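Notes for the one structure printed next.
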There are 4 protein chains.
Amino acid sequence: MEETYEKIIKAAYEIFSTEGYQKASINKIKDKANVSKGAIYHYFKSKEELYLKVLEYFIFEFANTLENIEFPDLYKIRELGLIYIEEYKKNKQMQKFLIDFFLQAMLNKKIKKIMNVFLENSIALIENKIKEMQEKGIVDKNINTNLLAQKIFVTLDSLGMYISIDANVIKPEKLWIDFVDNYLKDFFNAN
Amino acid sequence: MEETYEKIIKAAYEIFSTEGYQKASINKIKDKANVSKGAIYHYFKSKEELYLKVLEYFIFEFANTLENIEFPDLYKIRELGLIYIEEYKKNKQMQKFLIDFFLQAMLNKKIKKIMNVFLENSIALIENKIKEMQEKGIVDKNINTNLLAQKIFVTLDSLGMYISIDANVIKPEKLWIDFVDNYLKDFFNAN
Amino acid sequence: MEETYEKIIKAAYEIFSTEGYQKASINKIKDKANVSKGAIYHYFKSKEELYLKVLEYFIFEFANTLENIEFPDLYKIRELGLIYIEEYKKNKQMQKFLIDFFLQAMLNKKIKKIMNVFLENSIALIENKIKEMQEKGIVDKNINTNLLAQKIFVTLDSLGMYISIDANVIKPEKLWIDFVDNYLKDFFNAN
Amino acid sequence: MEETYEKIIKAAYEIFSTEGYQKASINKIKDKANVSKGAIYHYFKSKEELYLKVLEYFIFEFANTLENIEFPDLYKIRELGLIYIEEYKKNKQMQKFLIDFFLQAMLNKKIKKIMNVFLENSIALIENKIKEMQEKGIVDKNINTNLLAQKIFVTLDSLGMYISIDANVIKPEKLWIDFVDNYLKDFFNAN
DNA sequence: GATGAATGAGCTTTCATTCAT
DNA sequence: CATGAATGAAAGCTCATTCAT
């Protein structure tokens with residue numbers, strides 16, 4: 001059944017995101033998924049391949065979430081950021097997975113490639129949203145949409161990182177509000 | 001001799017920063033350091049303790065570098081950032097080490113504590129530089145120096161991360177110049 | 001297959017009884033059993049657990065042997081003791097295992113518990129034999145059967161110990177005959 | 001100074017008697033003795049030699065204790081045994097050391113030799129006490145003094161063993177009283 | 001599809017011992 | 001006399017992977 005495949009992917013995602021790729025073991029994954037070791041090797045030829053498939057799943061979910069976010073106006077963006085930060089504080093798992101994804105990208109060329117595609121897609125998605133807003137006249141037509149998208153992505157990404165390690169010197173909400181008010185607002189048309 | 005201790009620390013730093021904490025093995029470290037396994041365990045009671053000592057060493061070096069950087073004026077800051085980016089592209093080791101430091105901070109409470117101290121100190125150092133500039137009249141007296149320090153640190157840190165994974169969608173130089181010209185310049189007094 | 005499990009138990013019993021728990025190594029056991037290290041850890045989660053399972057096996061065998069011994073009359077008991085001493089002199093392995101079992105019981109609470117159960121069962125077995133003899137009128141009806149059982153067990157156990165270290169000042173046969181003639185005979189009914 | 005030598009012997013005795021020979025490590029001994037590793041190897045050429053010297057020390061102390069015990073009459077012997085059992089219940093260290101001594105005697109020929117000498121001397125000491133009592137007319141002149149000495153030694157030794165593992169099926173006091181009243185009394189002259 | 005027995009390399013760590021100082 | 005740095009073999013154990021069933 002395809003059920004087994006999905007059970008493995010989900011269990012693997014959980015273990016990878018709590019332990020990191022290296023420390024995660026096939027044994028823990030099989031226990032979490034409640035399948036046999038053989039079942040895992042039936043669907044995935046190695047731990048690395050399993051990780052790559054989990055990355056695919058993660059990236060797909062991530063893109064989906066991103067796609068469904070609406071950026072109607074500057075005020076809403078500020079609100080959304082704060083909600084997103086709140087979410088992060090509750091669920092640090094995704095951020096753990098992401099940071100390990102970065103680390104593995106440094107150590108493994110295949111993963112580096114996937115990371116690049118992931119970044120490209122994420123930024124393209126944000127850029128598209130910005131372009132839609134340009135068409136609606138919300139955002140200034142003369143700006144470099146790609147650079148703005150990069151900026152937004154990098155800002156959210158780095159905030160998430162500091163949240164996930166409970167860095168108490170870094171104040172994500174303040175940085176976010178500052179970012180929106182002192183930076184983003186310049187690209188929005190006054191209404 | 002203290003020589004052996006330092007040889008181990010330096011070799012460990014190299015191995016940890018190329019392989020990450022989990023994948024790094026005492027065997028590889030001993031080979032790199034050209035010492036015996038026993039020598040490592042003579043100085044460090046476990047792999048974890050060795051890592052903690054390497055962190056200390058890393059943080060000390062990092063603070064030293066930070067302290068010696070001069071921020072005379074906005075133009076120079078822009079230049080310095082670009083040089084720093086160039087350096088990073090050549091030597092990705094430190095950034096790899098830093099990202100693994102983040103990951104380990106998520107998985108291990110002792111390391112999380114050290115990470116917090118590291119962030120506090122780094123931001124305090126930057127804040128001091130900004131205060132000096134305020135006294136010299138270079139920077140606006142009314143700004144929140146701590147938030148600005150956070151901002152600078154977070155920006156440099158996240159750029160370093162994307163550099164180290166050769167993320168080609170992210171253009172660190174452009175983001176840096178944009179950051180200086182559209183954000184930092186507001187805090188500087190016009191001359 | 002169950003075969004492997006048994007091969008490991010038997011090899012482990014041999015190594016444990018010739019080297020003692022601490023000196024016995026998984027490597028020696030795996031070589032003796034002709035299995036891989038992984039196979040051992042597939043069946044037993046640690047060296048300690050393996051030892052506990054070997055204890056189980058040993059205790060089962062011991063109880064079996066005890067149960068099959070017949071104590072028809074005083075004369076036969078004296079004979080049986082001598083045969084048993086002769087057996088011991090030839091095969092010191094069991095006694096070595098037993099003495100190490102005692103030592104480990106002092107150092108490890110789990111083993112101490114097992115030792116207690118082992119002693120209880122052994123003494124209960126002997127006590128039952130004595131009660132049967134009471135019913136047949138061979139043994140005096142008024143004696144404390146439990147104390148007598150303790151006495152017999154302790155005597156045999158301590159003799160075995162001195163045999164296994166080839167203590168030449170201790171004469172097990174003489175002590176045994178003395179025990180039967182000067183102590184046991186008082187509990188038997190004259191015929 | 002000779003002080004160091006003695007500090008090592010005493011620390012080694014403590015560690016050997018709490019951990020057993022195999023598990024005891026030179027490191028733990030040096031920490032307990034508060035001396036350097038080199039100091040240990042200055043006085044003892046190996047762990048084995050150290051153990052042999054500790055055995056010497058132990059045997060000397062044991063003989064001393066034995067020698068100072070007085071056996072004036074049967075009633076006192078019974079009392080003494082009970083006191084001795086009480087002592088054992090409080091301090092199990094010596095018994096632990098003794099049982100490990102037995103185990104090591106099975107595994108190592110040098111230790112086996114020492115064990116034999118130890119047993120010979122202990123039994124000889126007891127035998128001498130019995131002979132003194134014979135001369136005083138307390139004990140029957142026609143008995144086999146050596147066998148009686150063996151009997152007493154074996155009984156006390158085995159009781160100590162069961163005490164040290166907290167064997168709750170074995171009742172040392174009852175066994176001792178039984179031993180005195182049903183066995184020993186036959187060898188004493190009526191008064 | 002799925003199981004889990006089995007492998008063996010490699011892991012971290014301990015340890016008795018040596019030796020220059 | 002005494003130190004403690006250094007060694008390297010061997011310990012218990014983990015783990016990704018293979019494969020017969």
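Everything quoted here is computed from the prediction, not taken from an experiment. Residue numbers begin at 1 in each chain, while the letters A, B, ... track the order of the sequences.
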If I take atom [atom1] in residue [X] and atom [atom2] in nucleotide [N], what distance separates them, rounded to the nearest angstrom?
{"X": "D:Ile8", "N": "F:dC1", "atom1": "CD1", "atom2": "C1'", "answer": "11 Å"}
{"X": "B:Ile15", "N": "E:dC11", "atom1": "CD1", "atom2": "P", "answer": "11 Å"}
{"X": "C:Ile40", "N": "E:dA5", "atom1": "CD1", "atom2": "P", "answer": "15 Å"}
{"X": "B:Lys30", "N": "E:dT12", "atom1": "NZ", "atom2": "P", "answer": "11 Å"}
{"X": "D:Phe44", "N": "F:dC1", "atom1": "CZ", "atom2": "C1'", "answer": "14 Å"}
{"X": "C:His42", "N": "E:dT3", "atom1": "NE2", "atom2": "P", "answer": "14 Å"}
{"X": "D:Ile29", "N": "E:dT14", "atom1": "CD1", "atom2": "P", "answer": "17 Å"}
{"X": "C:Tyr5", "N": "E:dG4", "atom1": "OH", "atom2": "C1'", "answer": "16 Å"}

Inset, instruction - Classify the ring geometry between B:Phe58 and B:Phe97 as parallel (under 30°), tilted (30 to 60°) or perpendicular (over 60°). - result: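 If you compare the ring of B:Phe58 with that of B:Phe97, the planes turn out tilted.
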Inset, instruction - Take the angle between the ring planes of B:Phe62 and B:Phe118 and call it parallel below 30°, perpendicular above 60°, tilted in between. - result: perpendicular
Legend entry - Main-chain N/O of B:Ala24 paired to B:Lys47 side chain as donor or acceptor, under 3.5 Å: yes
Legend entry - Pair assignment for E:dC11, Watson-Crick or G-U wobble, requiring both distances under 3.5 Å: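 Per the H-bond distance test, F:dG12.
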Inset, instruction - Just name whichever nucleotide pairs with F:dA20, Watson-Crick or G-U, keeping both distances under 3.5 Å, else none. - result: E:dT3
Legend entry - Nearest-angstrom distance, P atom, E:dG1 to F:dT21: 23 Å
Legend entry - Under 4.0 angstrom between D:Thr4 side-chain N/O and F:dC1 OP1 or OP2: no
Legend entry - Residue B:Lys53 excluded, over 12 heavy atoms near NZ under 6.0 Å: no
Inset, instruction - Taking atom NZ of D:Lys112 as the centre, report whether more than 12 heavy atoms of other residues, nucleotides or ligands fall under 6.0 Å from it. - result: yes
Inset, instruction - Please confirm whether B:Tyr5 and B:Phe44 have ring centers closer than 6.0 angstrom. - result: yes
Inset, instruction - Could you encode protein contacts along nucleotides 13-21 of chain F as a string, one character per nucleotide from 5' to 3', using B for base contact, S for sugar-phosphate-only contact and - for no contact, with a heavy-atom cut-off of under 4.0 Å? - result: BBSSBB---
Legend entry - Candidates A:Lys10, A:Lys32, A:Lys30 - the one meeting side chain to side chain contact (heavy atoms under 4.5 Å, CB included) with A:Ile15: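 Among the candidates, only A:Lys32 passes.
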